[in-house]
Amino acid sequence: MMRNFFAVLGGMGTLATESYVRLVDKATHAHQDQDFLDYVVFNDSSVPDRTQFILGESTDDPFDYIADDVRQATAMGASFITLPCNTAHHFFDRLQALTPVPIVHMPQEAVAEMQRRYPVQTHPRVGFMGTEGSLNSGIYRERVEAAGYEFEEPGDELQQEISYLIYHDVKDTGVLERDRYEATLKNMLEGHHCDVVILGCTELSVFNEAFPMPDLPIIDAQEILAYDTVARAKALRSAASSATPRQ
């Protein structure tokens, strides 16, 4: 019987879900099969577009679909749940209310890590790159400003470039253009005078996995979630091991 497993509510961008799982497996540093973590992935591609619903362009509510996955993960006995879709955190409070199982809040973890790496005293101006849905919902603005930073939106022209990366390059064609990605990043950093940029869309995290740029001040929310996932899962495994009676 599987114990202390976590559930991944993915499929809201299947390539991005695959990227998250790869990051989790890599960060586990397994040397044999039994070293890997126990988890179940819900690749629920039926979840309607979150941004279209948030912007009022669709009446097809994603909440009911994600809520069903939360209920199933709870019934299966998951120790915790991860939601590797930034925009889906628009529904976070309602989803968490459905279950006693903790759901890891990706934007919250990303901002906490930003505070550690890039303190507000030295990096006060934070640029945000994500979907229009995430931007409109305020899920990052609220936490960034609460931490004392200035929140910089990309503006209409740059948002179009960001959306092109998300919807055309990753979701539509799967062809990742490094030059376009790098130019968009630098436009946010230099053109908008930002000290740090949050990648608040898991499709953008796919770019960061393919083309890491450690010299740039970037906070990749999905990458942070992956590290946090591994730490939580290993802590649960260690606690369970310590509690097992010796024979």
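What's counted below: heavy atoms across the whole structure, side chains too, no hydrogens, waters or symmetry copies.
- Arg143 pairs by the salt bridge (charged side-chain N to carboxylate O under 4.0 Å, His left out) definition with nothing, not counting sequence neighbours.
- Put simply, the side chain of Lys171 never gets that close to the backbone of Leu15: no donor and acceptor are under 3.5 Å apart.
- Taking the six-membered ring for Trp and the full ring otherwise, the centers of Tyr39 and Phe5 sit at least 6.0 Å from each other.
- In terms of heavy-atom proximity, Ala147 sits nearest to Val111 at CB-CG1, 4.1 Å.
- Between Phe42 and Ile81 the shortest side-chain heavy-atom distance does not fall below 4.5 Å.
- Between Phe92 and His105 the shortest side-chain heavy-atom distance falls below 4.5 Å.
- To the nearest 0.5 Å, atoms CE (Met213) and CZ (Arg178) are separated by 4.0 Å.
- Summarising the local packing, OH of Tyr227 is surrounded by 12 or fewer heavy atoms from other residues, nucleotides or ligands at distances under 6.0 Å.
- Contact annotation: the side chain of Asp169 never approaches that of Val175 to less than 4.5 Å [non-hydrogen atoms, C-beta and beyond].
- Tyr149 is not listed as a side-chain neighbour of Asp195, based on a closest heavy-atom distance of 4.5 Å or more.
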Under 3.5 Å, which donor-acceptor pairs link side chains of residues 181-190 to any protein atom two or more places apart or in another chain?
{"unit_1": "Glu182", "atom_1": "OE2", "unit_2": "Lys186", "atom_2": "NZ", "d": "3.3"}
{"unit_1": "Thr184", "atom_1": "OG1", "unit_2": "Arg180", "atom_2": "O", "d": "2.8"}

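- Two rings, from Phe151 and Tyr140, have their centers 6.0 Å or more apart.
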Please output the side-chain donor-acceptor pairs of residues 54-68 that fall under 3.5 Å, not counting sequence neighbours, one pair per line with the distance.
{"unit_1": "Ser58", "atom_1": "OG", "unit_2": "Asp60", "atom_2": "N", "d": "3.1"}
{"unit_1": "Asp61", "atom_1": "OD1", "unit_2": "Phe63", "atom_2": "N", "d": "2.9"}
{"unit_1": "Asp68", "atom_1": "OD2", "unit_2": "Gln72", "atom_2": "NE2", "d": "2.9"}

